[in-house]
Amino acid sequence: MDKTYQPEQIETRWYERWEADNRFAPSGSGEPYSIMIPPPNVTGSLHMGHAFQDTIMDTLIRWRRMQGHNTLWQIGTDHAGIATQMLVERKIAAEEGKSRHDLGREAFIDKVWEWKQESGGHITRQLRRMGASVDWSRERFTMDDGFYQAVQEVFVRLHEEELIYRGKRLVNWDPTLHTAISDLEVENRDQQGSFWHFRYPLADGVTTDEGRDHLVVATTRPETLLGDTGVAVNPEDPRYASLVGKFVELPLVGRRIPIVADEHADMDKGSGCVKITPAHDFNDYEVGRRQGLPLINVFTQDAAVLERAEAFDIQGRALPDIDPSLPGKYAGLDRFEARTTIVADMEALGLLEQVEAVSNTLPYGDRSGDVIEPLLTDQWFVAVESLARPAIEAVENGDIQFVPKNYENMYFAWMRDLQDWCISRQLWWGHRIPAWYDADGNVYVARSEAEAREKHGLPAELPLTQDEDVLDTWFSSGLWTFGTLGWPEQTPELATFHPSSVLVTGFDIIFFWVARMIMMTLKFTGEVPFKQVYVHGLVRDGQGQKMSKSKGNVLDPIDLIDGIALETLVEKRTGNMMQPQKAKAITKATRAEFPEGIEPHGTDALRFTFLSQATTGRDIKFDMGRLDGYRNFCNKLWNASRYVLMNAEGEDTGLGEEPVELSLADRWIVSRLQQTEAQVTRAMEEFRFDHASQALYDFVWNEYCDWYLELSKPVLWDEGARAAAKRGTRRTLVRVLEAILRLAHPMMPFISEEIWQRVAPLAGTLAMGEDGSIMNQPWPLAEEALIDDRATRDIEWLKGVIVAVRNIRAEMNIAPGKPLEALLTKGRPDDAERLKANRLFLSKLAKLERVEWLDDPEQAPLSATQLVGEMEVLVPMADLIDKDVELARLAKEIEKQEKLIGGIEKKLSNESFVAKAPEAVVEKERGKLADFEASRRLLVEQHEKIEAL
RNA sequence: AGGACCAUAGCUCAGUUGGUUAGAGCGCCACGUUGACAUCGUGGAGGUCGGCGGUUCAAAUCCGCCUGGUCCUACCA
């Protein structure tokens with residue numbers, strides 16, 4: 001083995017090997033265990049969130065694979081409609097100076113496919129770097145032929161059941177992207193804005209009770225005035241009761257619009273009158289429906305003012321009787337220009353009563369960054385009510401469990417207040433809606449044009465045109481768990497691996513994706529898509545900030561693995577920015593945080609860091625310090641293995657017929673191994689990867705390396721030690737290490753494999769020359785029979801004495817190597833035997849050349865003293881000791897004991913404590929009190945002796 | 001406005017059903033290259049567990065209120 005741990009070569013080498021040996025595919029035997037990867041965007045690249053998520057999934061899959069399950073980790077990518085289309089549009093704009101319209105639909109889509117071919121492999125290559133043991137042979141894409149089939153099938157069947165319908169509805173419209181987007185893609189941002197109070201003159205000479213000739217309405221969006229079709233007052237509002245049924249004359253437009261009574265109007269807000277614009281506001285749309293008001297759309301798809309408005313009833317039928325004319329001066333104005341102009345015009349007319357500054361929230365499209373406009377458009381919808389019910393029940397009755405459980409509430413809250421799902425998008429990239437129209441506008445839904453003709457008996461010569469729109473990306477990814485397994489065909493994979501075992505996902509897409517998957521999957525397979533949902537938090541930077549390009553705090557997982565030079569990192573963070581003015585600050589912050597750039601850490605260390613920070617459900621602040629620490633851990637494991645190999649390779653590791661003798665230390669470490677195995681397994685079962693990684697770390701570093709390896713040295717290096725004892729120690733060294741590697745493998749696949757190849761033959765788990773992989777070895781199973789409490793207590797005693805002596809050396813400034821004598825007072829009955837069994841270890845590890853019992857404490861020489869439980873370790877002072885230092889140390893120790901004694905005495909003198917606390921608790925306190933008092937007595941005696949010197 | 005989650009050492013975090021001398025890693029201080037490892041070893045300093053109140057013999061842990069933070073949902077005509 002190389003002297004230093006160098007992850008980069010190990011990692012790529014092993015991944016290629018595993019993949020070539022086809023070790024990721026399902027074994028075909030054992031209980032099925034499957035995970036469907038949340039498909040990353042096909043043109044995306046791996047970010048910290050992916051890396052975190054993939055680590056968790058891979059850890060689960062590798063663990064279950066080792067447990068003997070028939071594991072499938074299904075891989076694939078998502079076509080990601082809007083994101084991908086925008087990316088390619090930007091690319092061709094930059095490279096060719098063309099828009100997608102210049103190219104036309106077909107040519108543009110060809111371009112997207114081209115781009116997919118070119119860059120689609122990027123993220124999957126990065127996934128390999130993370131060590132993800134996905135079954136590449138089954139890789140899917142949400143727009144491949146199979147998915148096309150599944151999507152058509154689902155759409156047509158839902159339509160046949162009238163669960164998909166088409167209608168003219170108010171939707172969130174993105175004026176930049178020219179498409180409807182879902183509520184979930186809308187981001188609400190707080191803004192400072194104005195609230196304009198306008199006067200709307202009453203028509204026909206009517207006046208208010210106070211004699212005014214107008215009503216006052218207020219709005220933050222004056223431009224929508226053009227589309228007002230009513231003014232609402234509260235039915236309970238006495239001020240306006242007499243005006244209900246009368247009219248106002250809409251300023252600037254001149255339309256007569258009714259005053260209606262509707263509970264939407266809040267008497268306590270403003271004047272109590274509300275302008276109603278059913279075609280441009282979601283609340284007003286509902287008021288319009290209730291009051292039978294017409295819908296007047298005044299905007300184009302760019303959210304500019306139309307020349308002539310469009311009037312509809314609530315069913316979306318055109319209303320030819322309404323005068324659609326709008327004042328010509330606004331035609332073509334963008335909504336914000338129109339706003340300014342209209343406010344100015346109202347003011348000129350004396351109709352602007354006041355302008356109030358308010359803070360309000362505005363909806364922004366999360367992709368375009370443009371302000372979203374509610375717009376009346378023709379769209380396709382899924383009626384979700386009947387789909388939601390079973391989806392709610394599946395979680396209620398435990399068929400699907402969320403981990404952590406509190407996300408179930410979030411799910412219920414959303415599912416119980418679900419709006420119909422708008423599934424059409426006015427994009428080109430995506431699954432085109434399988435609906436055809438004839439010249440009269442009749443709609444035919446079918447799996448293909450041919451089927452549409454056949455189904456509806458349409459003559460071949462009747463021209464049909466397919467719907468221009470595509471489906472929401474989440475419509476296809478909602479079919480992910482079963483679509484990837486071959487549905488609508490009833491494939492063996494579907495039978496074996498569905499429902500999947502667990503979905504690993506971020507809380508941010510519970511609504512987008514998880515809820516829809518549950519609905520769609522239950523509907524079409526009658527099964528839940530997954531039995532458990534493990535929800536993880538967001539990966540943030542060390543300060544708890546969201547990582548974003550604009551903040552310049554993005555870390556690339558690959559850079560953490562391979563390392564990156566400072567200059568490259570700065571360039572990466574500041575290049576190609578939307579807001580170049582921030583570059584300077586980002587450069588400065590980056591140089592301050594990473595003065596030397598980022599060192600290579602390797603994939604295993606990164607994975608281990610993620611796992612150690614994966615506490616359920618909350619966001620993680622990525623900690624570079626821990627990454628360094630776990631890279632060191634890999635190095636520790638590496639070097640410990642070197643030690644083991646140096647002592648075991650070419651030696652008898654006790655596999656043959658020769659007698660083997662196990663020392664106390666051997667029995668102790670084997671015992672602790674069993675407990676660690678049980679601990680790690682349990683943590684994995686509970687998705688507590690932080691506990692699993694912690695248990696492994698502790699065992700490897702603090703017990704196996706710090707103590708067991710040290711304890712093995714005297715045995716292996718002592719000329720006089722018996723051959724059987726050496727064999728026993730070698731066998732234990734090797735076997736425990738081999739088990740550690742298997743335990744570590746799901747978390748740290750590369751280093752564990754690399755070392756295991758050398759260690760396994762020595763441990764007898766891999767025949768010499770055999771071609772095996774740790775990936776397919778059994779997961780360590782704790783054996784109750786090997787747990788040895790006696791050995792644990794004995795080793796704890798030994799450690800206590802050694803630490804006490806080291807402590808005295810440090811405090812007294814005695815060189816670590818200087819041989820010392822020690823005296824022990826008799827503590828527990830077993831201690832005599834313990835001393836006998838451990839003389840060798842004490843002499844080597846504590847550098848004690850003589851250890852004796854002190855039979856009569858009265859006869860104790862002047863000594864430095866340290867407590868080990870009830871026992872006292874004395875190192876006779878002779879010329880070694882600084883009197884003042886030792887006195888101070890004893891005084892401090894005495895004070896500590898007294899404080900403890902005081903606390904317990906207080907408890908025990910409390911009658912209610914003695915009366916009400918369980919007997920065992922009281923006894924325990926009494927026991928502690930006795931111990932502390934004994935310790936204090938010994939310390940005080942020593943103190944007095946030294947003081948008298 | 002409603003709801004969720006969080007607050008433990010300088011930093012990042014553990015802490016099962018209330019009973020622990022409240023832990024780990026990083027950082028810090030001192031000492032140390034003895035034959036796995038300076039990406040290391042040994043020893044040490046550092047916490048009134050956000051605040052107040054309650055339940056209890058006993059609270060970091062359970063309850064209420066408050067403060068601070070993160071996020072979600074809704075509203076803002």
Side-chain angles (χ1 to χ4, degrees), chain A residues 1 3-5 188 193 195 217-221 224 231-232 264-266 269-270 273-277 281 283-284 287 358-362 404 406-407 409-410 413-414 417 507-508 510-511 537-538 540 542-544 599 601 605 612-613 615 617-647 686 688 690-691 694 697-698 701-702 705-706 709-710 713 717 803 806-811 813 815-817 844 847 896-897 899-900 903-904 907 910-918 920-922 924-925 928 932:
Chain A
M1 276 173 84
K3 187 162 174 174
T4 47
Y5 163 61
N188 292 304
F195 201 32
V217 296
T219 181
T220 53
R221 293 158 64 213
T224 62
V231 170
H264 172 62
D266 185 336
K269 276 189 190 161
C273 305
V274 196
K275 67 195 264 313
I276 302 297
T277 325
D281 182 283
N283 284 310
D284 292 4
V287 177
V358 289
S359 58
N360 56 353
T361 20
L362 253 56
N406 52 302
Y407 282 102
N409 290 326
M410 190 165 152
W414 193 69
D417 185 31
F507 69 93
D508 47 333
I510 289 182
F511 305 145
L538 220 61
R540 297 170 176 275
Q543 279 70 250
E599 300 183 306
H601 293 87
S612 76
Q613 293 206 270
T615 105
R618 72 155 137 181
D619 289 355
I620 69 170
K621 290 187 209 176
F622 187 81
D623 186 355
M624 286 297 293
R626 289 178 79 153
L627 180 62
D628 290 338
Y630 295 129
R631 189 261 328 264
N632 294 354
F633 176 57
C634 291
N635 186 60
K636 189 74 177 174
L637 183 57
W638 183 263
N639 280 298
S641 304
R642 285 181 58 226
Y643 167 81
V644 172
L645 291 172
M646 282 166 65
N647 285 287
E686 292 169 344
R688 287 306 301 262
D690 55 334
H691 289 171
Q694 178 78 28
Y697 182 100
D698 273 348
W701 201 312
N702 301 332
C705 292
D706 283 354
L709 294 193
E710 294 308 318
K713 288 174 186 175
W717 295 347
V803 168
R806 284 178 183 164
N807 192 302
I808 288 168
R809 283 180 193 274
E811 295 280 348
N813 229 337
K844 298 291 181 190
K847 294 284 182 305
K896 192 174 149 196
Q897 296 299 317
K899 222 167 147 185
L900 292 169
I904 294 179
K907 253 190 202 174
N910 180 343
E911 283 173 32
S912 350
F913 172 71
V914 179
K916 294 192 182 175
V921 173
V922 178
K924 199 173 151 197
E925 292 297 321
K928 281 198 290 192
F932 294 151

Trainee: What is the distance, rounded to the nearest whole Å, between atom NZ of A:Lys636 and atom P of B:G41?
Mentor: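 My rounded result for the distance is 4 Å.
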Trainee: Ignoring backbone atoms, establish whether A:Ser641 has a side-chain N or O less than 4.0 Å from OP1 or OP2 of B:A36.
Mentor: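 For B:A36, neither OP1 nor OP2 has a side-chain N or O of A:Ser641 closer than 4.0 Å.
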Trainee: For A:Ile276, report the nucleic acid contact type (base, sugar-phosphate, nothing); a contact means any heavy atom under 4.0 Å.
Mentor: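 Touches nothing.
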Trainee: Rounded to whole Å, please give me the gap between NZ in A:Lys896 and P in B:G46.
Mentor: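 My rounded result for the distance is 11 Å.
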Trainee: Would you mind pulling out the nucleotide paired to B:U48, Watson-Crick or G-U wobble, both distances under 3.5 Å?
Mentor: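 Check on B:U48: unpaired, no WC or wobble geometry under 3.5 Å.
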Trainee: Would you indicate whether A:Lys896, at its atom NZ, is surrounded by more than 12 heavy atoms from other residues, nucleotides or ligands within a distance under 6.0 Å?
Mentor: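 No, NZ of A:Lys896 has 12 or fewer neighbouring heavy atoms, counting only those of other groups under 6.0 Å.
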Trainee: Quick check on RNA chain B: between A:Asn635 and A:Arg806, whose nearest nucleotide comes earlier from the 5' end?
Mentor: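 Its nearest nucleotide being more 5', the pick is A:Asn635.
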Trainee: Would you indicate, yes or no, if B:A36 has its OP1 or OP2 atom less than 4.0 angstrom from a side-chain nitrogen or oxygen of A:Asn647?
Mentor: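 Looking at the OP1 and OP2 atoms of B:A36, neither is under 4.0 Å from any side-chain N or O of A:Asn647.
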Trainee: To the nearest Å, how far apart are A:Leu538 CG and B:A4 P?
Mentor: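 Distance check: A:Leu538 CG to B:A4 P gives 21 Å.
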Trainee: Quick check: closest heavy atoms across A:Ala640 and A:Leu709, and the distance to 0.1 Å?
Mentor: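 Residues A:Ala640 and A:Leu709, closest heavy atoms: CB-CD1, 3.8 Å.
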Trainee: Less than 5.5 Å between centroids and less than 30° between ring planes, does A:Trp638 satisfy that with B:A36?
Mentor: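 The base of B:A36 is not stacked with A:Trp638 (the test needs centres under 5.5 Å and planes under 30°).
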Trainee: To the side chain of A:Asp690, which of B:C57, B:A14, B:C37 is closest?
Mentor: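 So the side chain of A:Asp690 is nearest to B:A14.
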Trainee: Using only side-chain N and O atoms of A:Lys621, determine if any of them is under 4.0 Å from OP1 or OP2 of B:C11.
Mentor: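 For B:C11, neither OP1 nor OP2 has a side-chain N or O of A:Lys621 closer than 4.0 Å.
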Trainee: Between A:Glu911 (CD) and B:A58 (C1'), how many Å, whole number?
Mentor: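 Distance check: A:Glu911 CD to B:A58 C1' gives 16 Å.
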Trainee: For the side chain of A:Asn406, counting heavy atoms from C-beta on, which of B:U20, B:G43, B:A4 is nearest?
Mentor: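 Closest nucleotide to the A:Asn406 side chain: B:A4.
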Trainee: How many angstroms lie between atom OH of A:Tyr5 and atom CG of A:Leu637, to the nearest 0.5 angstrom?
Mentor: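 It comes to 9.0 Å.
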Trainee: A:Tyr630 near the nucleic acid: base, sugar-phosphate alone, or nothing, with a heavy-atom cut-off under 4.0 Å?
Mentor: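 The residue A:Tyr630 makes no contact with any strand.
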Trainee: Tell me whether the side-chain N/O atoms of A:Trp717 come closer than 4.0 Å to OP1 or OP2 in B:A36.
Mentor: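 It does not, given that no N or O in the side chain of A:Trp717 lies less than 4.0 Å from OP1 or OP2 of B:A36.
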Trainee: What integer number of Å spans the P atoms of B:C62 and B:C49?
Mentor: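 Each nucleotide's P atom is 15 Å from the other's.
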Trainee: Between atom CG in A:Asp619 and atom P in B:A4, what is the gap in whole Å?
Mentor: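 Rounding to the nearest Å, CG of A:Asp619 and P of B:A4 are 18 Å apart.
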Trainee: Could you please name the partner base of B:U67, counting Watson-Crick and G-U wobble pairs only when both distances are under 3.5 Å?
Mentor: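 The base-pairing partner of B:U67, which may sit in any strand shown, is B:A7.
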Trainee: Tell me if a side-chain donor or acceptor on A:Arg540 pairs with a main-chain N or O of A:Lys621 at a distance below 3.5 Å.
Mentor: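 Pair absent, no side-chain N/O of A:Arg540 close to backbone of A:Lys621.
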Trainee: Heavy atoms from C-beta onward define the side chain here; which of B:U21, B:U12, B:C57 lies closest to that of A:Asp623?
Mentor: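 Nearest to the side chain of A:Asp623 among the choices is B:U12.
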Trainee: Does the side chain of A:Trp717 reach to within under 4.5 Å of the side chain of A:Lys844, using non-hydrogen atoms?
Mentor: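 No, side chains not in contact.
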Trainee: Does A:Tyr643 offer a backbone N or O that forms a donor-acceptor pair with the side chain of A:Asn647 under 3.5 Å?
Mentor: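 Yes: the side chain of A:Asn647 pairs with the backbone of A:Tyr643.
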Trainee: Rounding to the closest angstrom, what is the interatomic distance between B:U67 and B:A74 at atom P?
Mentor: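 Roughly 26 Å separates the two P atoms.
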Trainee: Would you indicate which nucleotide in B:A14, B:A36, B:G25 comes nearest to any side-chain atom of A:Tyr697?
Mentor: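 Per side-chain heavy atoms of A:Tyr697, the pick is B:G25.
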Trainee: Reckon A:Lys847 touches a base, only the sugar-phosphate, or nothing at all at heavy-atom distances under 4.0 Å?
Mentor: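 The answer is base, as A:Lys847 lies within the cut-off (heavy atoms under 4.0 Å) of a base atom.
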Trainee: For the side chain of A:Asn283, counting heavy atoms from C-beta on, which of B:G43, B:C76, B:U21 is nearest?
Mentor: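 Nearest nucleotide to the side chain: B:C76.
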Trainee: Parallel under 30°, tilted from 30 to 60°, perpendicular over 60°: which one fits the rings of A:Tyr407 and A:Phe507?
Mentor: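 Because their plane-to-plane angle is under 30°, the rings of A:Tyr407 and A:Phe507 count as parallel.
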Trainee: Ignoring the backbone of A:Arg688, work out which of B:G15, B:G25, B:C57 is nearest its side chain.
Mentor: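 Nearest to the side chain of A:Arg688 among the choices is B:G15.
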Trainee: B:G15 phosphate, OP1 or OP2: any side-chain N/O from A:His691 under 4.0 angstrom?
Mentor: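 Yes, because at least one side-chain N or O of A:His691 sits under 4.0 Å from OP1 or OP2 of B:G15.
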Trainee: Checking all strands, does A:Ala915 fall into the base, sugar-phosphate, or nothing category for heavy-atom contacts under 4.0 angstrom?
Mentor: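 No contact.
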Trainee: Could you state the CZ-P distance from A:Phe913 to B:A59, rounded to the nearest angstrom?
Mentor: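 Rounded to the whole Å, the gap is 11 Å.
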Trainee: For B:A24 and B:A9, measure between their P atoms and round to the nearest Å.
Mentor: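 Straight-line distance between the two P atoms is 14 Å.
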Trainee: Using Watson-Crick or G-U wobble geometry with both distances below 3.5 Å, tell me the partner of B:C76, or none.
Mentor: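 The base-pairing partner of B:C76, which may sit in any strand shown, does not exist here.
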Trainee: For B:C62, which nucleotide is its Watson-Crick or G-U wobble mate, given both distances must be under 3.5 Å?
Mentor: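 WC or wobble partner is B:G54.
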Trainee: Which of these nucleotides, B:U12, B:G19, B:G44, is closest to any side-chain atom of A:Asn807?
Mentor: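 Looking only at heavy atoms from C-beta outward on A:Asn807, the closest nucleotide is B:G44.
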Trainee: Give A:Phe195 one of three labels, base, sugar-phosphate or nothing, depending on what nucleic acid heavy atoms sit under 4.0 Å from its own.
Mentor: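 Sugar-phosphate, backbone atoms only, no base.
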Trainee: Answer yes or no for A:Lys636 and A:Tyr697: cation-pi contact, defined as NZ/CZ to six-membered ring centre under 6.0 Å and angle to ring axis within 45°.
Mentor: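 No.
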Trainee: Could you tell me how far apart A:Met624 (CE) and B:C13 (P) are, to the nearest whole angstrom?
Mentor: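 A:Met624 atom CE is separated from B:C13 atom P by 15 Å.
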Trainee: What contact category does A:Lys907 fall into here, base, sugar-phosphate, or nothing, at under 4.0 angstrom with non-hydrogen atoms?
Mentor: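 If one applies the 4.0 Å heavy-atom cut-off, A:Lys907 turns out to touch the sugar-phosphate alone, with no base involved.
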Trainee: Scan every strand shown for a Watson-Crick or G-U wobble partner of B:C40, both distances under 3.5 Å, and answer none if you come up empty.
Mentor: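 WC or wobble partner is B:G32.
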Trainee: Given the P atoms of B:G18 and B:U61, what is the spacing between them in whole Å?
Mentor: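 After rounding to an integer number of Å, I get 12 Å for this pair.
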Trainee: Measuring only the P atom in each nucleotide, how far is B:U48 from B:C31? A whole number of Å is fine.
Mentor: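 Rounded to whole Å, the distance is 29 Å.
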Trainee: Can you confirm whether A:Lys928 is buried at NZ, in the sense that more than 12 heavy atoms of other residues, nucleotides or ligands lie under 6.0 Å from that atom?
Mentor: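 Yes, enclosed.
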Trainee: By nearest nucleotide on RNA chain B, pick out whichever of A:Cys705 and A:Trp414 is the more 5' one.
Mentor: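 So the residue in question is A:Cys705.
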Trainee: How far, in whole Å, is B:A38 from B:G32 if one measures between their C1' atoms?
Mentor: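 It works out to 11 Å between them.
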Trainee: Of the options B:U20, B:A14, B:G43, whose atoms approach the side-chain atoms of A:Ala810 most closely?
Mentor: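 Ranking B:U20, B:A14, B:G43 by closest atom to the A:Ala810 side chain puts B:G43 first.
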Trainee: From the set B:C13, B:C71, B:A36, return the single nucleotide nearest to any side-chain atom of A:Arg626.
Mentor: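 Among the listed nucleotides, the one closest to the side chain of A:Arg626 is B:C13.
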Trainee: With heavy atoms under 4.0 Å as the rule, sort A:Glu710 into base, sugar-phosphate or nothing.
Mentor: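 It contacts base atoms.
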Trainee: To the nearest 0.5 angstrom, please state how far the CD atom of A:Gln613 sits from the CZ atom of A:Arg626.
Mentor: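 A:Gln613 atom CD to A:Arg626 atom CZ measures 5.0 Å (nearest 0.5 Å).
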Trainee: Among B:C40, B:U21, B:A36, find the nucleotide with the atom closest to the side chain of A:Leu900.
Mentor: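 Closest nucleotide among those given: B:U21.
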Trainee: Let's test this: given Watson-Crick or G-U wobble pairing with both distances under 3.5 Å, identify the partner of B:A24.
Mentor: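 Matched B:A24 with B:U12 under the 3.5 Å cut-off.
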Trainee: Report which part of the nucleic acid A:Asn702 touches: base, sugar-phosphate, or nothing (heavy-atom distance under 4.0 Å, all strands).
Mentor: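 No contact.
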Trainee: Any base atoms under 4.0 Å from A:Lys713, or only sugar-phosphate, or nothing? Heavy atoms, all strands.
Mentor: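 Base contact - A:Lys713 has a heavy atom under 4.0 Å of at least one base atom.
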Trainee: Between A:Asn910 (CG) and B:A59 (P), how many Å, whole number?
Mentor: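 Checked: the CG to P distance equals 11 Å.
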Trainee: Reckon A:Ser612 touches a base, only the sugar-phosphate, or nothing at all at heavy-atom distances under 4.0 Å?
Mentor: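 If one applies the 4.0 Å heavy-atom cut-off, A:Ser612 turns out to touch nothing in the nucleic acid.
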Trainee: Tell me what A:Gln613 touches on the nucleic acid: a base, only sugar-phosphate, or nothing, going by heavy atoms under 4.0 Å.
Mentor: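 Since only primed, P, OP1 and OP2 atoms lie under 4.0 Å of A:Gln613, the category is sugar-phosphate.
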